[in-house]
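Reckoned from all heavy atoms, side chains included, excluding hydrogens, waters and symmetry mates.
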Amino acid sequence: STVVALGSTLFALIFGLPAAYCISRYKQTGLALAILMARMAPGISFLLPLFILFSRLGMLDTYPALILTHLTRVMPLVIWIMIGFFDDVPQAVEDAARIDGCSTFGAFFRVALPLTMPGIAASAILCFIFSWNDFLFALVIASHRTITLPVAAYGFIGYGEINWGGLTAAAMVITLPALILALFIQKHIVKGLTFGAVKG
C-alpha cells in the first residue's frame, strides 16, 4: 500500500502539475472538461480495459500496473485542484521572471510552483488517501505479491464468520498512516483548500 500510494501520488504530481499549469495559462477549457468527465466516470469503466491490457503485457500483480491504474483516478484530481491555484498566480509575476531571463519552464519551476505550495500539499495528501484506500483496482489487478491493505482486510470476512478482531486491527492499520500524515500537514491542507476563497 505504501509503495503504490506514494508512487501514484508522486507520478500524479509530476505529470499533473505541468498539465494544470498549461491548462490554466493557455485556457484549455475543453481539455479541462474532458479530464473532469474522466474523473467523474466510475472506476469500473476503466477496470476491464486495463485488466485486458495488463494481462496481455504480463503486468498483472506488479507495482507499475497498480500505480498506473491509480493514476487514472488521482491525476485528474491533481489537475483540477491545481488549475485554480495557477489561475490565482498573477501573470505579471511570471512576465517579470521572463524579463529577468527565465524561460517558460524556469518561470514554472521558480515562480509558479513555490507560490502554489499549499495547493500542492493539499493535492498530495488527497491523492495519497484516495490511492491508499482504493479497493476495486487492487482487488482485480493485484495478487499475492502486491496485495494492498484494503484487500488484505477483506480477507478477514469469510462465508461462515467474520474475524472482528483481525478486521478492526486491519482497519486501524489502514487508517493510521493517512491520519498521521494529515495531522503533520493539516495547516497546509486548510490553507490549500481555502486559498483564493477571499479576494482583496
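- Rounding to the nearest 0.5 angstrom, the gap separating the CG atom in Asn163 from the OG1 atom in Thr168 is 8.0 Å.
- In plain terms, the two heavy atoms of Phe51 and Val140 that are nearest each other are CD1-CG1, 3.6 Å.
- A distance of 12.5 Å separates CG in Asp88 from CD1 in Ile83, rounded to the nearest 0.5 Å.
- Within the structure, the ring pair (Phe, Tyr, Trp, His ring centres under 6.0 Å) test picks out the following pairs touching residues 93-124 (sequence neighbours left out): Tyr21-Phe108.
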Checking Leu77 against Ile81 for the side chain to side chain contact (heavy atoms under 4.5 Å, CB included) test, could you report, in this order, the C-alpha distance in whole Å, the side-chain angles of both residues, the deciding distance, and whether it holds? CA-CA 6 Å; Leu77 184 67; Ile81 290 175; 4.0 Å; yes
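- Scanning both residues, Met82 and Ser123, for their nearest heavy atoms gives SD-OG, 3.6 Å.
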Indicate every side-chain donor-acceptor pair of residues 128-135 with a distance under 3.5 Å to a residue at least two apart or in another chain.
{"from": "Ser131", "atom 1": "OG", "to": "Ser8", "atom 2": "OG", "distance (Å)": "2.9"}
{"from": "Ser131", "atom 1": "OG", "to": "His70", "atom 2": "ND1", "distance (Å)": "2.6"}
{"from": "Trp132", "atom 1": "NE1", "to": "Ile174", "atom 2": "O", "distance (Å)": "2.5"}
{"from": "Asn133", "atom 1": "ND2", "to": "Ile129", "atom 2": "O", "distance (Å)": "3.2"}
{"from": "Asp134", "atom 1": "OD2", "to": "His70", "atom 2": "NE2", "distance (Å)": "3.2"}
{"from": "Asp134", "atom 1": "OD2", "to": "Phe137", "atom 2": "N", "distance (Å)": "3.3"}
{"from": "Asp134", "atom 1": "OD2", "to": "Ala138", "atom 2": "N", "distance (Å)": "3.4"}

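- Around atom CD of Gln91, more than 12 heavy atoms belonging to other residues, nucleotides or ligands sit under 6.0 Å away.
- Note on Ile44 and Phe46: same hydrophobic cluster, where clusters join Ile, Leu, Val, Met, Phe, Trp and Tyr whose side-chain heavy atoms are under 4.5 Å apart, directly or indirectly.
- Sorted by first and then second residue, the salt bridge (charged side-chain N to carboxylate O under 4.0 Å, His left out) pairs with a member in residues 49-70 read Asp61-Arg145; sequence neighbours excluded.
- For the atom pair NZ of Lys27 and SG of Cys22, the computed distance is 12.5 Å after rounding to the nearest 0.5 Å.
- With rounding to the nearest 0.5 Å, the separation of CG in Leu139 from OG1 in Thr148 is 8.5 Å.
- When all heavy atoms of Ala170 and Phe156 are compared, the pair lying nearest together is CB-CE1, 3.9 Å.
- The two atoms that bring Ile67 and Val3 nearest to each other are CD1-O, 4.2 Å, heavy atoms only.
- Judged as a ring-ring contact (aromatic ring centres under 6.0 Å, His included), and not counting sequence neighbours, Phe54 has no contacts.
- Of all non-hydrogen atoms in Ile23 and Ala32, the two that sit nearest each other are CG2-CB, 3.8 Å.
- Identified under the salt bridge (charged side-chain N to carboxylate O under 4.0 Å, His left out) test for residues 39-51, with sequence neighbours left out: none.
- Every residue two or more places apart in sequence or in another chain was checked for a ring-ring contact (aromatic ring centres under 6.0 Å, His included) with Phe15, and none qualifies.
- The distance from the CE atom of Met75 to the CG atom of Leu13 is 11.0 Å, given to the nearest 0.5 Å.
- One finds the CG atom of Leu66 at 9.0 Å from the OG atom of Ser1 (value rounded to the nearest 0.5 Å).
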